[in-house]
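Taking it in order: structure first as structure tokens, then the write-up.
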Amino acid sequence: MKQRLFTPGPTPLPEEVKLSQAREIVHHRTNQFKQVFQEVEEGLKYVFQTDNDVFLFTSSGTGAMEAAVANLLSPEDEVLVIGGGKFAERWAEIIQAFGGKVNLVDVEWGKGVDPLKVEEGISQNPEIKAVFTQLVETSTGAVYDIEALGRILRKTSTVLVVDAISALCAHPLHTDKWGVDAVIGGSQKALMIPPGLAFVAISEKAWKLVENSTSPKYYWDFKKARNALAKFQTPYTPAVSLIFALRDSLRLLKEEGIERVVNRHAELAKATRKAILAMGLKIFGENPSNVITSVTLPPQIDEKKLRRLMQARFGVQVAGGQDSLAGKIIRIAHLGWTDTSDIIVVISALEMALLELGYSVELGKGLKAAEEVFGESRRYRSR
Ligand SMILES: *Cc1c(COP(=O)(O)O)cnc(C)c1O
């Protein structure tokens, strides 16, 4: 059976990207590699919408989150972490592991952040060196107003650190225009390549913290990364095959155009949400993103059984909830190499699986709602 991923990483891969990894390896200290890496660096600047350096690490996204903490902070530094989900907690845990002092801006899971609360937090404690948050909190699906946070922080010496791992290419992200000082990305989401690469874009304002940081670091040292990047190199052996894949996926994204890539995600998200509502189900949270649709399950539906059935019968894999949301929601990712037909497949699988588990849904109701969204879209009519 054909397997289809609707998980918020890893995501499906375009054929070109699969094949680019099969290419003969090249040595990473050659001109041949440098040329590829130069193109990758330009492509990354394009999708991050920045002129800042974008460092590349061979790791999952969390590695780059840890790298940001190790390079920006020193032990005992005070920071603000915006709460609201599992990945916000990850920021707090990493910062605490490095001896930082976390001040939490409490956000109810599934809601957006009130920028005024952040402004208050900063003005009450002038010692705050940095604010750590997500563009999309993937555990709930909520999107945060980073532009508003940038507007507040650019007037101060506090730096803004944003985990955009799931949101990169799925949501508008204007790193320079919005004044985001450190942006974290990962490979296995909308960049459409396998897990194993992570990125950090760093502003000059953030670089001042890097220069003063006394936290221990070795593999993750941004100073070494910057020196190497000047020669289109990495300090240590990178995942060369993944970098080939990234070069080709960045070419695809450039060809489609970043605005159109983001609009495609917005439209797939809209169709999915309409379908869910048409089926009589509820969307979890108040600030849903283009990355995933979090669906609150009716109490009689067993989340594990539902996901197992969708996988076994239709080859469709969606994600469950985490922590307090475990068993209560499923998360349908419409991320990366995903199109209208994929949405039709996942909605159809969900309708049929729910019916089999005893939820009364009229077959085709969700599909119709999704199809109507696609039908109204000029983008699809013009093809
Ligand atoms: C996927 C994701 C991560 C990184 O997870 P890894 O498993 O380390 O790649 C971090 N933050 C967010 C918001 C994510 O969606």
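Predicted model only: the values in this text are computed from it and were never measured. Along the sequence shown, residues carry numbers from 1.
- Shown here for Ala190 and Leu335, the closest heavy-atom pair between the two residues is CB-CD1, 3.7 Å.
- A cation-pi contact, defined as under 6.0 Å to the ring centre and within 45° of the axis, links Lys224 to Tyr218.
- Side-chain atoms of Leu268 and Phe374, non-hydrogen and from C-beta on, do get closer than 4.5 Å to each other.
- Within 6.0 Å of CZ in Arg23 there are more than 12 heavy atoms belonging to other residues, nucleotides or ligands.
- Ile146 and Phe87 fall into different hydrophobic clusters, where Ile, Leu, Val, Met, Phe, Trp and Tyr side chains are chained together by heavy-atom contacts under 4.5 Å.
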Verdict with supporting geometry, Leu357 and Leu309, side-chain contact (heavy atoms from CB on, under 4.5 Å): CA-CA 9 Å; Leu357 293 177; Leu309 188 59; 4.0 Å; yes

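- Atom CD of Glu127 is surrounded by 12 or fewer heavy atoms from other residues, nucleotides or ligands within 6.0 Å.
- For the atom pair CG (Leu72) and CG (Asp77), the distance works out to 9.5 Å, reported to the nearest 0.5 Å.
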Apply salt bridge (Lys or Arg N to Asp or Glu O under 4.0 Å) to the pair Glu147 and Lys177, showing each step before the final yes or no. CA-CA 9 Å; Glu147 189 176 8; Lys177 211 159 71 185; over 6 Å; no

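- Both Trp220 and Ile184 belong to a single network of hydrophobic side chains, linked directly or stepwise wherever heavy atoms of I, L, V, M, F, W or Y lie under 4.5 Å apart.
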Before giving the answer on salt bridge (Lys or Arg N to Asp or Glu O under 4.0 Å), spell out for Glu267 and Lys270 the whole-Å C-alpha distance, their side-chain angles and the decisive distance to 0.1 Å. CA-CA 5 Å; Glu267 196 155 79; Lys270 183 179 171 193; over 6 Å; no

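- Leu354 CG to Ile301 CD1: the interatomic distance, rounded to the nearest 0.5 Å, is 5.5 Å.
- Using modelled atom types and a 3.5 Å distance limit, the side chains of Arg29 and Gln233 yield a donor-acceptor pair.
- Separation of atoms CD (Glu15) and CH2 (Trp337) is listed at 9.5 Å; rounding is to 0.5 Å.
- Looking at Glu41, its side chain does come within 3.5 Å of a backbone N or O of Val54 through a donor-acceptor pair.
- For the atom pair CD (Glu39) and CD (Gln35), the distance works out to 9.5 Å, reported to the nearest 0.5 Å.
- The shortest distance between side-chain heavy atoms of Asp145 and Asn287 does not fall below 4.5 Å.
- Using a 4.0 Å cut-off between charged nitrogen and carboxylate oxygen, Asp176 and Lys45 do not count as a salt-bridge pair.
- A pairwise comparison of heavy atoms in Gln134 and Tyr144 identifies O-CD1, 3.3 Å as the closest pair.
- For the side chain to side chain contact (heavy atoms under 4.5 Å, CB included) test, residues two or more places apart in sequence or in another chain that qualify with Asp323 are Lys86, Glu89, Trp109.
- Taking the six-membered ring for Trp and thresholds of 30 and 60 degrees, Phe199 and Phe48 have ring planes more than 60 degrees apart, a perpendicular arrangement.
- Aromatic ring pairs are classed by plane angle as parallel below 30°, tilted from 30° to 60° and perpendicular above 60°; the pair His174 and Trp178 is perpendicular.
- Among the candidates Lys305, Arg308, Arg313, the single residue satisfying the salt bridge (Lys or Arg N to Asp or Glu O under 4.0 Å) test with Glu356 is Arg313.
- Counted within 6.0 Å of NZ on Lys205, heavy atoms from surrounding residues, nucleotides or ligands total more than 12; the atom is thus considered enclosed.
- Although no hydrogens or angles enter the test, the distance criterion places a donor-acceptor pair under 3.5 Å between the side chain of Asn71 and the main chain of Phe222.
- No path of Ile, Leu, Val, Met, Phe, Trp and Tyr side chains, each step under 4.5 Å between heavy atoms, connects Phe284 with Val291, placing them in separate hydrophobic clusters.
- No side-chain donor from either of Thr175 and Thr50 sits under 3.5 Å from a side-chain acceptor of the other.
- Looking at His334 and Thr293, their side chains do bring a donor and an acceptor atom within 3.5 Å of each other.
- Counting heavy atoms of neighbouring residues, nucleotides and ligands inside a 6.0 Å radius, atom CG of Asn125 exceeds 12 of them.
- With contacts defined as side-chain heavy-atom distances shorter than 4.5 Å, the pair Ile347/Ile343 qualifies.
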Show the atom names and distances, to 0.1 Å, of all donor-acceptor pairs under 3.5 Å that link a side chain in residues 359-369 to residues at least two apart or in another chain.
{"unit_1": "Tyr359", "atom_1": "OH", "unit_2": "Met279", "atom_2": "O", "d": "2.9"}
{"unit_1": "Tyr359", "atom_1": "OH", "unit_2": "Gly280", "atom_2": "O", "d": "3.3"}
{"unit_1": "Lys368", "atom_1": "NZ", "unit_2": "Glu372", "atom_2": "OE2", "d": "3.0"}

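- Ring geometry for Tyr219 versus Phe57: interplanar angle of 30 to 60°, hence tilted.
- When all heavy atoms of Met65 and Trp91 are compared, the pair lying nearest together is O-CZ3, 3.4 Å.
- With 3.5 Å as the limit, one finds a donor-acceptor pair spanning the side chains of Thr62 and Arg90.
- Using a distance-only test at 3.5 Å, with no hydrogens or angles considered, a donor-acceptor pair links the side chain of Ser215 to the main chain of Leu73.
- For the pair Ile332/Val295, a side-chain contact is recorded, criterion being any heavy-atom separation below 4.5 Å from C-beta on.
- Residues Pro10 and Lys189 are not in side-chain contact: their nearest non-hydrogen atoms beyond the backbone lie 4.5 Å or more apart.
- Between the side chain of Ser187 and the main chain of Leu197, a donor-acceptor pair closer than 3.5 Å is present.
- Side-chain atoms of Thr30 and Gln32 include no donor-acceptor pair closer than 3.5 Å.
- Scanning all heavy atoms of the two residues, the minimum distance from Thr234 to Ala228 falls at C-CB, 3.7 Å.
- Note on Ile258 and Val183: same hydrophobic cluster, where clusters join Ile, Leu, Val, Met, Phe, Trp and Tyr whose side-chain heavy atoms are under 4.5 Å apart, directly or indirectly.
- His265 contributes a side-chain N or O that, together with a main-chain N or O of Gly336, makes up a donor-acceptor pair within less than 3.5 Å.
- Under the 4.5 Å side-chain criterion, counting only non-hydrogen atoms from C-beta, Ile329 is not in contact with Glu303.
- Considering all non-hydrogen atoms of both residues, Thr338 and Arg264 come closest at O-NH1, 3.1 Å.
- Not a single donor-acceptor pair under 3.5 Å links the side chain of Ser60 to the backbone N or O of Gly196.
- Leu281 and Ile330 fall within a single hydrophobic cluster, where Ile, Leu, Val, Met, Phe, Trp and Tyr side chains are chained together by heavy-atom contacts under 4.5 Å.
- Considering only heavy atoms from C-beta on, Ser294 stays 4.5 Å or farther from Thr140 through its side chain.
- Under the 3.5 Å distance criterion, the side-chain polar atoms of Asp248 are left unmatched by any main-chain donor or acceptor of Ser20.
- One finds the CD atom of Gln38 at 12.0 Å from the CZ atom of Arg247 (value rounded to the nearest 0.5 Å).
- A donor-acceptor pair is defined here as one N or O able to donate and one able to accept, closer than 3.5 Å; no such pair exists between the side chain of Glu66 and the backbone of Ile94.
- Although no hydrogens or angles enter the test, the distance criterion places a donor-acceptor pair under 3.5 Å between the side chain of Arg331 and the main chain of Gly320.
- Heavy-atom neighbours of Lys18 NZ from other residues, nucleotides or ligands within 6.0 Å: above the threshold of 12.
- Contact annotation: the side chain of Val318 never approaches that of Leu350 to less than 4.5 Å [non-hydrogen atoms, C-beta and beyond].
- Asn52 places no side-chain N or O within donor-acceptor distance of the main-chain N or O of Ala201, the cut-off being under 3.5 Å.
- For the residue pair Lys217/Ser213, the side-chain donor-acceptor check at 3.5 Å is satisfied.
- Taking CD of Glu16 as the reference point, atom CE of Met192 lies at 8.5 Å (rounded to 0.5 Å).
- Closest approach of Ser139 and Leu325 over heavy atoms only: O-CD1, 3.9 Å.
- Within the structure, side-chain hydrogen bond (donor to acceptor under 3.5 Å, both in side chains) contacts touching residues 148-162 (residues at least two apart or in different chains) do not occur.
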